[in-house]
Amino acid sequence: MDNSRQTTLVLGGTGRTGSLVARKLAERGLSARTASRHGADVPFDWDNPATHGPVMRVTYAGLVSDFLDLAEASGVRHVTYLSAYGSNQAPPEVDIRAVELDLMSRRAVTSSVLRPAWVMQNFSDDHLPVVQDMITVPTAGGAEAFVDAADIAAVAVETLADPDAHAGAVYAPTGPEALTVAEVAGIIAGVAGRPVSHNDIERSVWIDGAIAAGAVPADYGVMLNWLTAAIASGHGSRPNDDVRRVTGSRSASFADFARRNAHVWAVPAALP
């Protein structure tokens, strides 16, 4: 956030959470600009430093650090960083923790860190789709307090609307219950009217397949391994009260989310 212009820059502002943050800021009457590789107010690509300076004029670990230097020099006074649940326990090769520590060490900007659980939208988009009546992900019987991206965005907006009140805060938005993927599959099956089950594939096969398909860059494999292993080993996120405490509203349950998105998983009617 740039206090001189009261404008919030939303990096990844066309994504599923970033777009909601930008929309909710606008609904609050606050100025927001989106930055992303495609379809945003201004172009931005972490891998193309030439796009970093222009973004600052309208308003990863090494790249992010350089970007934060530029942000400070450009008058930005608050940063809300979207991290991941349990990032404080992440191994050093996972960049998100290095970014957190860098951000928290800075004195010219205040910061808020969001460490959300896995988002429910993973199951309704291309991340964990239902394919051949199965959700394929290596999480074994571990549980996770899946959270609606709208609830993450709502928490982020509060930190950006009143940064002084949330300076130095760390929030971990979660849903109201911890569910296994098998339980998620059962809820989806109930609203979609079709069988859905959990296919607990071997982790390296799943990660290699995602990289080979171009779904994620090769260096993101470390992150996927850590995220799925945490759930499988029983260290997934657990419900907390952060969403209600920050926004005043309860977090959505997976059943709520599934009912709203039942059309995503419905089997198309056969042509006559």
Side-chain angles (χ1 to χ4, degrees), residues 1-37 39-42 44 46 55-56 58-59 64 67-68 71-72 74-85 87 96 99-100 103-104 106 109-122 124-125 145-176 237 239-254 256-257 260-261:
M1 173 172 285
D2 180 339
N3 288 334
S4 65
R5 290 176 289 184
Q6 290 298 300
T7 297
T8 298
L9 176 69
V10 184
L11 301 182
T14 59
R16 57 190 176 190
T17 302
S19 61
L20 292 171
V21 170
R23 189 184 75 192
K24 288 177 180 290
L25 284 168
E27 290 171 352
R28 296 275 289 268
L30 301 171
S31 176
R33 293 182 68 83
T34 58
S36 188
R37 283 175 292 188
D41 295 323
V42 290
F44 180 85
W46 282 117
V55 162
M56 284 294 101
V58 303
T59 54
V64 177
F67 181 79
L68 291 173
E72 288 182 343
S74 300
V76 170
R77 291 296 171 257
H78 181 83
V79 174
T80 293
Y81 177 57
L82 182 60
S83 186
Y85 190 92
S87 56
I96 55 173
V99 173
E100 285 187 4
L103 185 57
M104 293 174 180
R106 292 175 182 263
V109 296
T110 60
S111 64
S112 304
V113 174
L114 307 188
R115 296 173 178 164
W118 281 31
V119 296
M120 297 175 182
Q121 280 77 1
N122 281 338
S124 61
D125 61 20
F146 300 102
V147 63
D148 192 333
D151 288 328
I152 304 172
V155 173
V157 166
E158 293 300 325
T159 69
L160 294 165
D162 190 1
D164 289 342
H166 301 278
V170 177
Y171 299 120
T174 71
S237 60
N240 62 48
D241 202 33
D242 282 5
V243 172
R244 187 204 59 77
R245 186 159 55 90
V246 176
T247 70
S249 300
R250 71 174 183 87
S251 57
S253 70
F254 195 88
D256 295 334
F257 172 80
R260 296 197 311 267
N261 292 276

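Being a predicted model, the structure only gives us computed values, none of them experimental. No hydrogens, no waters, no symmetry mates; every other heavy atom, side chains included, goes into these values. Position 1 is the first residue of the sequence; numbering continues from there.
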| request: Start with the C-alpha gap between Thr174 and Ser237, add the side-chain angles, then the distance that decides, and say whether side chain to side chain donor-acceptor pair (under 3.5 Å) holds. | output: CA-CA 7 Å; Thr174 71; Ser237 60; over 6 Å; no
| said: If the threshold is 4.0 Å, N to carboxylate O, is there a salt bridge linking Arg28 and Glu158? | reply: yes
| request: Using a strict 4.0 Å threshold on nitrogen-to-oxygen distance, state whether Asp148 and Arg260 make a salt bridge. | output: yes
| Note, Ser253 side chain near Pro176 side chain (heavy atom, < 4.5 Å) | yes
| task | Determine whether the aromatic ring centres of Tyr85 and Phe146 lie less than 6.0 Å apart. | result | no
| note | Sequence neighbours excluded, the answer for side-chain contact (heavy atoms from CB on, under 4.5 Å) partners of Arg23 is Leu20, Glu27
| How far does OG of Ser249 sit from CZ of Arg244, to the nearest 0.5 angstrom? | 10.0 Å
| note | In this structure, CZ of Arg106 is separated from OG of Ser111 (nearest 0.5 Å) by 10.0 Å
| Sequence neighbours excluded - ring pair (Phe, Tyr, Trp, His ring centres under 6.0 Å) pairs with any residue from residues 147-176 | His166-Tyr171
| request: Check Ala84 against Arg115 and note the closest heavy-atom contact, atom names and distance. | output: O-CB, 3.3 Å
| request: List for me each residue that meets side chain to side chain donor-acceptor pair (under 3.5 Å) alongside Thr34, sequence neighbours excluded, and say none if there are none. | output: Asp41
| field | From Arg33 atom CZ to Thr8 atom OG1, the distance as rounded to the nearest 0.5 Å | value | 12.0 Å
| message | Any side-chain to backbone donor/acceptor pair from Thr110 onto Arg77? Under 3.5 Å, distance only. | response | yes
| note | For Val109 and Val76, the nearest pair of non-hydrogen atoms, with its separation, is CG1-O, 3.2 Å
| query | For Glu100 and Ser83, does a side-chain donor sit closer than 3.5 Å to a side-chain acceptor? | reply | yes
| query | How about Leu30 and Leu160: do any of their side-chain heavy atoms sit closer than 4.5 Å? | reply | no
| note | Taken in chain and number order and not counting sequence neighbours, the residues that satisfy side-chain contact (heavy atoms from CB on, under 4.5 Å) with Ser124 are Gln121, Phe257, Val264, Trp265
| field | Electrostatic pair Arg250:Asp256 at N-O distance under 4.0 angstrom | value | yes
| note | Sorted by chain and residue number, the side-chain contact (heavy atoms from CB on, under 4.5 Å) partners of Ser19 (sequence neighbours excluded) come out as none
| task | Taking all heavy atoms of Thr14 and all of Ser36, pick out the closest pair and write down the distance. | result | OG1-OG, 3.1 Å
| task | Look up atom CG in Leu11 and atom OH in Tyr81, then write down how far apart they are to the nearest 0.5 Å. | result | 11.0 Å
| task | Kindly give the heavy-atom pair with the smallest separation between Thr17 and Ala149, and that separation in Å. | result | OG1-CB, 3.7 Å
| remark: For Asn122, the side-chain contact (heavy atoms from CB on, under 4.5 Å) test, sequence neighbours excluded, returns Arg16, Trp118, Val119, His127, Leu128
| Which pair of heavy atoms, one from Pro116 and one from Ile152, lies closest together, and at what distance? | CB-CD1, 3.5 Å
| task | Measure from the side-chain N and O atoms of Asp151 to the backbone N and O of Pro173, and report whether any donor-acceptor pair falls under 3.5 Å. | result | no
| remark: Closest non-hydrogen contact found for Ala32 with Ala22 is CB-O, 4.3 Å
| said: Within the 4.5 Å heavy-atom criterion, are Val155 and Asp242 side-chain neighbours or not? | reply: no
